[in-house]
Amino acid sequence: MILLSASIFSGCTKKFIDRNTDPTRLTSLTPTDVKGLFSNAEWQGLALGGGTQFQRGVNAFADMYAQYYAVTQTAFASDRFDLTQSRLQNHWIRAYVFTMPSLLTIIKNTKTDDTKALNAIARIWKVFILDRVTDYYGPIPYFQIGSAEKSIPYDPQKDIYYDFFKELTEAAADLQEDLTRPSYGDQDLIYSGDNSLWLKFANTLRLRLAMRISEVDPAKAKTEAEAAVAAGVMTDVSDDAYMKVSPERPNPLGYISSWNEFRMSATMESLLKGYQDPRLSSYFQPAVTDGQYRGLRNGMIPAEQVLPENSYNNASNVSDRFTPVGMNTEPMAVIRSGEAYFLRAEGAVNGWNMGGTAAELYAKGIEMSMRTNGITNQTVIDNYINGTSLPIAPGGYFNTPALTDIPVKFSNDPAVQREQIGTQKWLALFPDGQEAWAEVRRSGYPKRYHVIHSDNPDVPASQFVRRIVFLEYDKDRNGPAVEAAVSLLGGPDKATTPLWWDTN
Amino acid sequence: MDLGQSIRVAARSLIWSCIATLLLCTSLQAKTYTAQDSLSVNIQGKNMTIAEIFKVLHQQTGYIVFYSNSILDDQERLDMDFINADIKEVMDFLTKGKELSYVIRDRFILLKKAQHPVSAALQPSLLAKIAMPDTVITGSVHDEQGQALPGVSVLLKGTTTGTVTDASGHYSIQSPDTQGTLVFSYIGFETKEVPINSQTDLNVVLGASVSAISQVVVTALGIKRESKALTYATQTVQGEDVSKTKDVEMVNSLQGRVAGLTITRSPDGPGSGSTVLLRGNRSITGNNAPLYITDGVPSSIGLEDGDNIESITVLKGASAAALYGSAGQNGAIIITTKKGVSGKISVTYNGGISFEQAELFEDLQFDYGQGDAGLYVANSEHSWGPKADGQMVTLWNGNSVALSGQPDRMKNFFRTGMTLNNSISLTGGTERMQTYFSYGNIEAQGIMRNNNLTRHMFNLRISNTISSKLSFDAKATYIHEDINNRPNDYAITSIFRAPTSIPLDQMKDYEYTDEEGNLKQSYWKPGSSIIGNPYFYMYRDLSTDKNNQLFGLFSAKYSFTSWLDVMARASITKSFGKGDHKIYSDSYFSLVGSDYDLSTNDELQSYIDMLATFKHDLSENFNLSGNVGGSVQGSQSASVSASANGLNKDNFFFMENAKAPLISNTISRSPQVQALFAEATLGYKNFLFLDVTARNDWSSALPQGRWSIFYPSAGITAIVSDMLKLPTWVTYGKVRASMANSGYGGNAYLVQEYYSVETGGLIVTPTIQSIGNYKPELTTSLELGLDWRFFDNRLGIDLTFYRTQTKNQLLLIGAPAASTYDQKYINAGLIQNSGVEMVLNYSPIRAGKFSWDGSINYANNNNKVIRLTEEMSSVIIQDDDVLTTKVETGKSYGTLYVKGWQRDEDGNKLVDDMGRPLLTQGKTVYAGNFNPNYTMGMYNTFTYSNLALSFLIEYRNGGTIIGGTQALLDADGHSKRSLEGRENGITLDAVTVDGAKNTKVISSQEYFSSIGDRKPAGEEYAYSATNLRLREISLDYTLPKKIFQRVNFIQSAKIAVVGRNLFFFKRSAPFDPDIVQGRGGEEVTALPFTRTLGVNLRIAF
């Protein structure tokens, strides 16, 4: 009996490996599967894997600090500069844990000549995503991502940016050689595997990053920017990068906007209404209470948020296409040609060779932004470009004055030109709060209203958040590295310490 | 253990573990042995012991002989030569010349000391007296717990006139005069002589004779063992206690009754289960739940019919569960269900109704109405408005009402819950085959108006003795359960957070149709993401769950020889569930119109084992018994779900109507665990026992080639009272010690990493780093115990000291994100639980018809995290808006961190230059630890004649819990606390960052909305979980037998009135601390505390 059972049991372990293998998941990947990894990296990297994570990682912070919107949810304090760690960490996790492994796996497995394009596009996307991470924190783990060490060091932002340029240059060169070979096909949610568009994307991104360091490292910036423009950046709305959405993966902004937790900012209101901007109705919808477009001030405390004047029903939500109505169809903006023109316009003001005058490029930027937002009537566009009206004073509960006093019509004064370019680029970047916040910090434009209150003792209401502090989440797991990273900051680990490229 | 003992063990086990049904359901008339019942026996052998003879008798006839140790000489050898003999002949032969008599009833032979020389029975004069009785004396016999004792022999002293009590403990005896004495005797009880003294109604309570009998408990693998030989702590709750206080969750009936067992009710209404913990949390990120075993088979406790339970035995430590291996390292709860009994068909009905009422403990304010900043605002979600003095205001819906507080609103929103349960059981059979059938149903209406549960439970059990060597036991249960609208958080949160001045009847029109024909929620603040109209969320966020569970058990037992039995057992549990969830348009959750989810799941669990049982006498004083066996166990489930974000036609809930349904299916499998195990008990003179177990598991979850885990246990028990001559006031004394190892192989699929494929061909990389070659988690436990009883069993103490250490814990810890993993598995950690458990039994008063019996249990568990990992000294086990719960080296499991005040060096609270509180940005303030210091339960029963009053008082000392609801109510201005500074504002006793004393005034609303709300300063909301409550009170009345003399088909009837959770004597938290006993330590808008009152009726036919 005992022998019998012993033989029965020992024989059974033969099936153990099978029993301990999950039938619903994969243990290894084929070359085709690698393309599926890329879709994942696009979705996770740009949308943070969906609405809730996007709200926590991007909307509550970058979108508010860029002052596209103001918070109306009384339980959220991020608009009062509370860097709520449990929410912020989603931005970090989605990049490192959900996006990087896919990209690193692709990069490692596409070393042959016929996979050159796959490799190049993955590297471009890696730069795009990690730029967003470093522009939140400054130093981040970069060169040793994927290390098996217990502690993974943070790298200086300058080194990271220099490597971005190297990566983009190499990737562009590789793509140039391989423009027609099919790459990711339909698994590429952005360009459906069009290598030539990815080439323009790479160059435009290079231009963007060059402009970012233009104040801290002007020479490098000029070299990179001119090389990027010479290699061919986006020039038309047909080059615009948008990521496709679907019912399975709806637009995260659309997903979160029906909760009435944020509304158009007073900053937006002052500009869009002052310029009689045709994009107003394309970006926002009228308030429920009276059908007027209205913005709210950033940094209200709950006792102010709940007042009827400041309530979400009395302010503008995003337009239908950015609500659940459009969430299954409205694609997510990645980089668009309008921005490329504004970058070139600013480069021209800097005296760089950008293939046109600042005024021409500025006007082109506005035109492309109008067109990509569905405004195609050239007269309307031209009227706007030549508009002389000024931003309005939103008034309201806090008696808010006008944001600034510049019109759309391009000035002859380079100082005003910079503000005009910065302001128009900010309007054109909408709803990409991450890039907008980075550029607001670098250029100082558009101007922003000070928040009404700050909950963060490090950042008085008269100042702005300059960076996100290092995460408790990573201190818990990667303590020594985070400690060492503080010395790379050039200041204390506080929200007021500017990033390397932020010289304002 | 010799054969005689084994029969006695078997007999005792029947008496004790089956007493409620076995004898209850036997033929109810005191049936005497008659010739046509005779069975022939063949017994031939030389030098047979009495025990061997009884064993043969049992094998051939199914008759069991009951007798007390003291009356027979175990060593007497007899030569037997009976062929086709009548059983009576054999019994006569055995009792001949001894002072013994016997009674044969049904399948039992009661062997007892004759009260007088046997020969006297034959005196003709006495026989003549019997023929002419004068007086009829009736009455009933109960044990100390008030349980009726059937089968008690009642003898008129000095005569042969005798009878036996019936199923409900009643007897009727005829006596020639009124001055005689009745002798009540029953196996396992002290014999009692009661003078008649002209009474005709004599009720008697018999005390257990501890020295003469041992309790039998069902242990691991369904093995019945004598409790005196056990080397570890167990505690048994009888089925009647479970069915009397019938709860929809059967396990809740154990609350407060077992030392060291904590039960946390789910806050999700009927049918949502409970969390059960034995001796504290042991595993950091793994499973801490005990194992449930029903009739020897691992099971889920959720859907057990309380009326079918014979008994529940709780095996507390790893020692007890050593034979279950990995699954048993958190202890085990062993459920034995009822079996059929031979004899006349017997029917029992048990029915009850109970009512449940919600009670809110958070104090609300009704002085100020809806609004903000002191102004009435019809769209406000707060009660920061003007003084509510009855002035007329216009509500959001256009109606004019007087602004005044609505103190009864919470109470009226919830209804009185009602649970109706009915069960009927039927048992009967022949000597060879017995059947038990039961049907039970529960109809429960939760306190949420549309939350209800219906459960039907069928149970059929057939036990069959094919031959003297082969027997079968088969059981099938089918359970169907329907649960509608489990309370959803949003509805509950919405009523909690509604302004205290909005009348309930205004909320009741919770929806309207707009001009375009769309259904809209009627809410005072349209589109809010905070809350909504509570009625809308109650009636427009609907769910159904239907579960079906089919359980089949089959076991066969074959006796190879007199010393070896082999049992094989197989069981399967098949569950099929179906659920849907409808969310109407204009709700917070439905992004596009309305949402619909539909899912089904299908699960199969199987368990097969084989067990050989042997007994052997090694010598005169030494005997050996034990078991050897093996088992295979595993489960697999598959689910398919479809979910629709948006329907083409709104609020029309069919999948065909979905705009873009998302389909998903999953398959999950448990590891397969195969095991070989053995247990041996070496007994010396029946007072010293050595117990050794060994088990080897092969778990498919473990890394390749490392599948095997071996764990041994050993224990020793000494019955001191049998070994030494102790003072007479010591009735019984036992000491015990045991050590055990048990292991845990982890969940399936940990050894390698996987990529998942998602809709659209996306491939997702793993986020948890696998561990590859890991070691199984190992728990070592050490236990010492005492079980002493004094003063004729009037006082008893059962004391256990234990220490368990769990190492090699399979920890899921955070990884640096830059490693591209969010978490990783490591093998580390050492957690120690040590503590004391005590059960004190007492019977201080036993005076005639009145008696007082009770017990007190006490448990304290000291949890200490001795080591985590080299890299880290803390692991986060829960992190949300309110708190972070950690496991930290050197502290107890479960330290709570919350947001709190920023303070200066002297500990003063800081405010900003406007006088507003400065709070920490993160949850960095230590708030306490959620573990209790100790828990106690006191159970008392007062019996007077047919009436018994019992109550259970429970005390919990210590532990910190965080109240999220209070934080919301404060921020919203609904709480009484928020009245502070309403008129004149608040100047906080704090300093500014510059060190100056704060002089600024802030409004009450400003203050409370910054310390309260969804992410509160938890420091302000930390409460002690200490509480003293009346857990249960019941009044039982057994109807006098006389009532049924006309309706003679009713044998007995008992009515009980039961109240549960009636009130607290003491409580500091503004909510029921029970809700948070599990891992978290946090309460946020849970269903309110409820008290229950019910009536239960039990009738036997």
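Per chain, numbering begins at 1; letters A, B, ... match sequence-line order.
Top candidate by heavy-atom pairs under 4.5 Å with chain A, chosen from B:Ala815, B:Ala373, B:Ser756, is B:Ala815. Between chain A and the options B:Gln704, B:Arg669, B:Gln636, the largest number of non-hydrogen pairs under 4.5 Å is found for B:Arg669. Chain B forms the most heavy-atom pairs under 4.5 Å with one residue out of A:Thr21, A:Ile145, A:Ile140, and that residue is A:Thr21. By number of non-hydrogen pairs under 4.5 angstrom with chain A, the leading residue of B:Glu1006, B:Gln1005, B:Lys525 is B:Lys525. Annotation: maximal heavy-atom pairing with chain B below 4.5 Å, among A:Glu149, A:Met327, A:Arg87, occurs at A:Arg87. Ranking A:Met100, A:Glu304, A:Glu261 against chain B, the residue ahead of the rest is A:Glu261, based on heavy-atom pairs under 4.5 Å. Of the residues considered (B:Gly922, B:Ser528, B:Ala660), B:Ser528 shows the highest number of contacts with chain A, using heavy-atom pairs under 4.5 Å. Interface summary for chain A: among B:Gly527, B:Ser1009, B:Pro671, B:Ala748, the most heavy-atom pairs under 4.5 angstrom belong to B:Gly527. By number of non-hydrogen pairs under 4.5 angstrom with chain A, the leading residue of B:Ile530, B:Leu375, B:Asn645 is B:Ile530. Note: A:Phe76 leads A:Phe76, A:Tyr142, A:Trp92 in heavy-atom pairs under 4.5 Å with chain B.
Heavy atoms closer than 4.5 Å to chain B are found nowhere in A:Phe38, neither backbone nor side chain. Only the side chain of A:Leu104 comes within less than 4.5 Å of a heavy atom in chain B; its backbone stays farther off. With a 4.5 Å cut-off on non-hydrogen atoms, A:Ile301 touches chain B through its side chain but not through its backbone. Contact annotation for B:Leu919: neither backbone nor side-chain heavy atoms come within less than 4.5 Å of a heavy atom of chain A. The contact between A:Ser147 and chain B is made entirely by backbone atoms, counting heavy-atom distances below 4.5 Å. Using a 4.5 Å cut-off between heavy atoms, A:Pro101 contacts chain B through both its backbone and its side chain. Heavy atoms closer than 4.5 Å to chain B are found in the side chain of A:Asp474, but not in its backbone. Of the two parts of B:Ile667, the backbone and the side chain both hold a non-hydrogen atom closer than 4.5 Å to a non-hydrogen atom of chain A. With a 4.5 angstrom heavy-atom cutoff, B:Ser708 does not touch chain A via any of its atoms. Heavy atoms of A:Tyr312 lying under 4.5 Å from chain B belong exclusively to its side chain. Contacts between B:Asn696 and chain A at a heavy-atom distance below 4.5 Å are absent for every atom of the residue. Contact of B:Thr767 with chain A is made through backbone and side chain together, with heavy-atom distances under 4.5 Å. In this structure, chain A has a heavy atom under 4.5 Å from the side chain of B:Val377, while its backbone stays farther away. Contacts of B:Pro526 with chain A are made by both backbone and side-chain atoms, with heavy-atom separations under 4.5 Å. Contacts between A:Asp186 and chain B at a heavy-atom distance below 4.5 Å are absent for every atom of the residue.
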Does the ring-ring contact (aromatic ring centres under 6.0 Å, His included) test come out yes or no for A:Trp259 and B:Tyr588, once each step is laid out?
-> CA-CA 7 Å; A:Trp259 297 334; B:Tyr588 168 69; 5.5 Å; yes
Check step by step if side chain to side chain contact (heavy atoms under 4.5 Å, CB included) holds for B:Arg916 and A:Asp455.
-> CA-CA 9 Å; B:Arg916 295 192 300 143; A:Asp455 280 359; 3.8 Å; yes
Verdict with reasoning, A:Thr74 to B:Arg1014, per side chain to side chain contact (heavy atoms under 4.5 Å, CB included) = CA-CA 9 Å; A:Thr74 50; B:Arg1014 252 163 62 178; over 6 Å; no
Trace of the side chain to side chain contact (heavy atoms under 4.5 Å, CB included) decision for A:Arg249 with B:Glu758 = CA-CA 11 Å; A:Arg249 278 172 279 281; B:Glu758 293 190 348; 3.9 Å; yes
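Taken from OG in A:Ser311 to CD in B:Glu381, the straight-line distance is 10.0 Å, to the nearest 0.5 Å. Within the model, atoms CG of A:Leu307 and CG of B:Asn379 stand 12.0 Å from one another, a figure rounded to the nearest 0.5 Å. A distance of 8.0 Å separates CZ in A:Phe98 from OG1 in B:Thr765, rounded to the nearest 0.5 Å. To the nearest 0.5 Å, atom NZ of residue B:Lys899 and atom CG of residue A:Asp82 are 5.0 Å apart. Between atom CD of residue B:Gln752 and atom CD1 of residue A:Ile17 there is a gap of 9.0 Å, rounded to the nearest 0.5 Å. Annotation: the span from A:His453 atom NE2 to B:Asp912 atom CG amounts to 9.0 Å, rounded to 0.5 Å.
Proximity of A:Asn20 to B:Tyr749: side-chain heavy atoms (C-beta onward) are separated by under 4.5 Å at one or more points. Side-chain contact check for B:Thr820 versus A:Val97: every heavy-atom pair is 4.5 Å or farther apart. A 4.5 Å side-chain heavy-atom check between A:Leu29 and B:Ile763 finds at least one atom pair inside the cut-off. Side-chain contact check for B:Leu762 versus A:Glu248: every heavy-atom pair is 4.5 Å or farther apart. Contact of the B:Tyr755 side chain with the A:Arg25 side chain is not registered, since no non-hydrogen atoms from C-beta on lie closer than 4.5 Å.
With A:Tyr96 contributing its side chain and B:Tyr821 its backbone, the two residues share no donor-acceptor pair below 3.5 Å. Of the possible donor and acceptor atoms, none in the side chain of A:Arg19 sits under 3.5 Å from a partner among the backbone N and O of B:Ala701. Although no hydrogens or angles enter the test, the distance criterion places no donor-acceptor pair under 3.5 Å between the side chain of A:Asn260 and the main chain of B:Ser529. Listed for the B:Lys1015 side chain is a donor-acceptor partner under 3.5 Å among the backbone atoms of A:Ala75.
Between B:Ser699 and A:Phe16, the shortest heavy-atom distance links the atoms C-CE2, 3.6 Å. Shortest non-hydrogen contact noted between B:Ser819 and A:Ile152 is N-CD1, 3.4 Å. Of all heavy-atom pairs spanning A:Gln187 and B:Gly761, the tightest one is NE2-O, 3.6 Å.
Within a 6.0 Å radius of NZ in B:Lys659, more than 12 heavy atoms belonging to other residues, nucleotides or ligands are found.
A:Lys475 meets the side-chain hydrogen bond (donor to acceptor under 3.5 Å, both in side chains) test with A:Glu472; sequence neighbours excluded.
Under the side-chain contact (heavy atoms from CB on, under 4.5 Å) test applied with B:Val757, the options A:Leu26, A:Asp33, A:Asn40 reduce to a single match, A:Leu26.
For the pair A:Arg477 and B:Asp822, the salt-bridge criterion is met [side-chain N within less than 4.0 Å of a carboxylate O].
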